[in-house]
Amino acid sequence: MNYNKKSVRDVELKGKKVLCRCDFNVPVKEGVITSDVRITAALPVLRYMLEQGAAVIACSHLGKPKGEVKPALSMKIVAKRLGELLGKPVKIAESLDPVSDEALALAKSLQPGEIMLLENLRFDKGEEKNDPTFAKKLADMADLYVSDAFGTVHRAHASTAGVADYLPAVCGFLIEKELGTMGKALADPARPFVAILGGAKVSDKLNVINNLLEKVDTLIIGGGMAYTFLAAKGYGVGKSLLDSEKIDYCKDMMKKAEQKGVKLLLPVDTVVAKSFPDPIDAPIDVKTVASDAICDECMGLDIGEKTRELFADAAKTAKTVVWNGPMGVFENPTLANGTVAVAQALADSDAITIVGGGDSAAACEQLGFADKITHISTGGGASLEFLEGKELPGIACLLDK
Ligand code: ADP
Ligand code: MG
């Protein structure tokens, strides 16, 4: 896959109408945006385009409306916040249909230096289906397409890939940076190259292991991912997270690792409790047991102390480390030690360190380690697929340099 793609810096913007796919999928609680990090992240490229004399039609999805209009997921609150941050009004149509006549008319009348936001793209069934009619409607509003939502580039949706069939397509500053740092680090990684996987999206993430084993020297598995591997080793995992359909797959992966000479590190000890904390940060009684001694009524919720050392040592001696997914239920202070240890090891390491995944990135920020990490990717699933070397539709559709 070619990572050398044209960006907004490589094209004429003056007098152009630009359709800019942003990632404004912000957390919202009771109608209030609880973190505007993603909006703030988009400001530099939006300002740049506006200053260069473009008229910007920004667009994004918000939440999971699944092709139906859900007023609670309207982009109006994003338009308001974006306007406050940019210091200029962000126009948005009243209609909740992202490609309503009203929205099209607004786009048509937009002047250089002005910006508007379309309604939630996923209110239209055509978005996630990559329906060419919907893509064409979006494309018809503009002269140029700028892709800057890295979190969705692994999906071929109308606004992330489909529109590029009708418009010249370049990336914005965020994707430019992802390609520059991650692309460079992964094209010819400094070795040893260590990948650390954890988190709870077990089924999704187990699938990437097959490809990762082709690339890395050491693969570390922690978090909720680990128990399916422990089960594949014949250990009892009690009530821990388990994808029972993937046990044979994990056996194959252990064999593959051995054949390839890849070191596969699994937890040697585990922090267990009788049940999942509820609420998630509630005080909890835990004990640490060896990974082959998890009792039937126990649930593994973090890596133990010996495992922390094992994983941290591997990370510290690496030259490239990629980390995706926390090592335990880090939202609970009693169960955060594994995640803190890995974050600390990355922070202390001289290696090129790359963190992907919403929760892993949040853990680094929370712990104050973010500025000691080489690159925190803005995409979770996308960064994993990137790492696997898969062709990402939202990157492949951009113009080569
Ligand atoms: P990311 O967002 O970094 O890609 P995921 O979304 O896959 O990571 O997983 C993050 C979640 O995994 C966190 O909410 C954390 O509490 C949970 N988790 C980690 N370890 C375990 C475990 N052993 N059992 C259950 N949940 C876990
Ligand atoms: Mg997550």
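The first residue of the sequence shown is numbered 1, and numbering continues consecutively from there. Numbering of ligands and ligand atoms starts at 1, following listing order.
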[atom] [closest protein heavy-atom partner, distance rounded to 0.1 Å]:
atom	answer
atom 27 (C) of ligand 1	Val329 CG2, 3.7 Å
atom 23 (N) of ligand 1	Gly300 O, 3.0 Å
atom 3 (O) of ligand 1	Ser360 OG, 2.5 Å
atom 8 (O) of ligand 1	Lys205 NZ, 3.3 Å
atom 6 (O) of ligand 1	Asp359 OD2, 3.0 Å

Taking only Lys NZ, Arg NE, NH1 and NH2, and the carboxylate oxygens of Asp or Glu, determine whether [X] and [Y] approach each other closer than 4.0 Å.
X	Y	answer
Lys316	Glu309	no
Arg38	Asp23	yes
Lys88	Glu51	no
Asp400	Lys5	yes

Among [options], which residue places a heavy atom closest to [atom]?
atom	options	value
atom 19 (C) of ligand 1	Ala200, Ala362, Gly328, Gly223	Gly328
atom 21 (C) of ligand 1	Gly357, Gly224, Ala336	Gly224
atom 25 (C) of ligand 1	Asp302, Asn332, Leu241	Leu241

Does Glu127 form a salt bridge (Lys or Arg N to Asp or Glu O under 4.0 Å) with Arg21? I'd like the steps, not just the answer.
CA-CA 12 Å; Glu127 165 64 359; Arg21 176 53 157 104; 3.7 Å; yes

[X] heavy atoms, cut-off 4.0 Å: which ligand 1 atoms fall inside?
X	value
Glu331	13 (C), 14 (O), 15 (C), 16 (O)
Gly325	3 (O), 8 (O)
Gly358	1 (P), 2 (O), 3 (O)
Lys201	4 (O), 6 (O), 7 (O)

So is Gly380 in contact with ligand 1, going by heavy-atom distances below 4.0 Å?
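It does not; every heavy atom stays at 4.0 Å or beyond.
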
Does ligand 1 have any atom that is closer than 4.0 Å to a heavy atom of Met225?
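Met225: no contact with ligand 1 (<4.0 Å).
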
Distance-minimising heavy-atom pair for [X] and [Y]:
X	Y	result
Val271	Ile303	CG2-O, 3.6 Å
Leu335	Pro277	CD1-CG, 4.1 Å
Ser383	Gly356	OG-CA, 3.6 Å

Counting only heavy atoms, which portion of Met299 has something under 4.0 Å from ligand 1: side chain, backbone, both, or neither?
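Answer for Met299: neither.
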
Under 4.0 Å, heavy-atom basis, I'd like to know which part of Asn324 is in contact with ligand 1: side chain, backbone, both or neither.
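Looking at Asn324 and ligand 1, just side chain atoms fall under 4.0 Å.
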
Has ligand 1 got any nitrogen or oxygen that is less than 3.5 angstrom from a nitrogen or oxygen of Phe276?
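No; the residue has no nitrogen or oxygen that sits under 3.5 Å from a nitrogen or oxygen of the ligand.
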
Is there a side-chain contact between Val90 and Ile92, using heavy atoms and a 4.5 Å cut-off?
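Heavy-atom side-chain distance check fails, nothing below 4.5 Å.
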
Taking CD in Glu214 as the centre, count heavy atoms belonging to other residues, nucleotides or ligands within less than 6.0 Å. Is the count above 12?
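Yes, enclosed.
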
Between Lys390 and Asn211, do the side chains contain a donor N or O and an acceptor N or O under 3.5 Å apart?
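Asn211 vs Lys390: no donor-acceptor pair found between side chains.
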
For N/O/S atoms only: which one belongs to Asp359 and is nearest the Mg ion (ligand 2)?
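For Asp359, the N, O or S atom at the smallest distance from the Mg ion (ligand 2) is OD2.
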
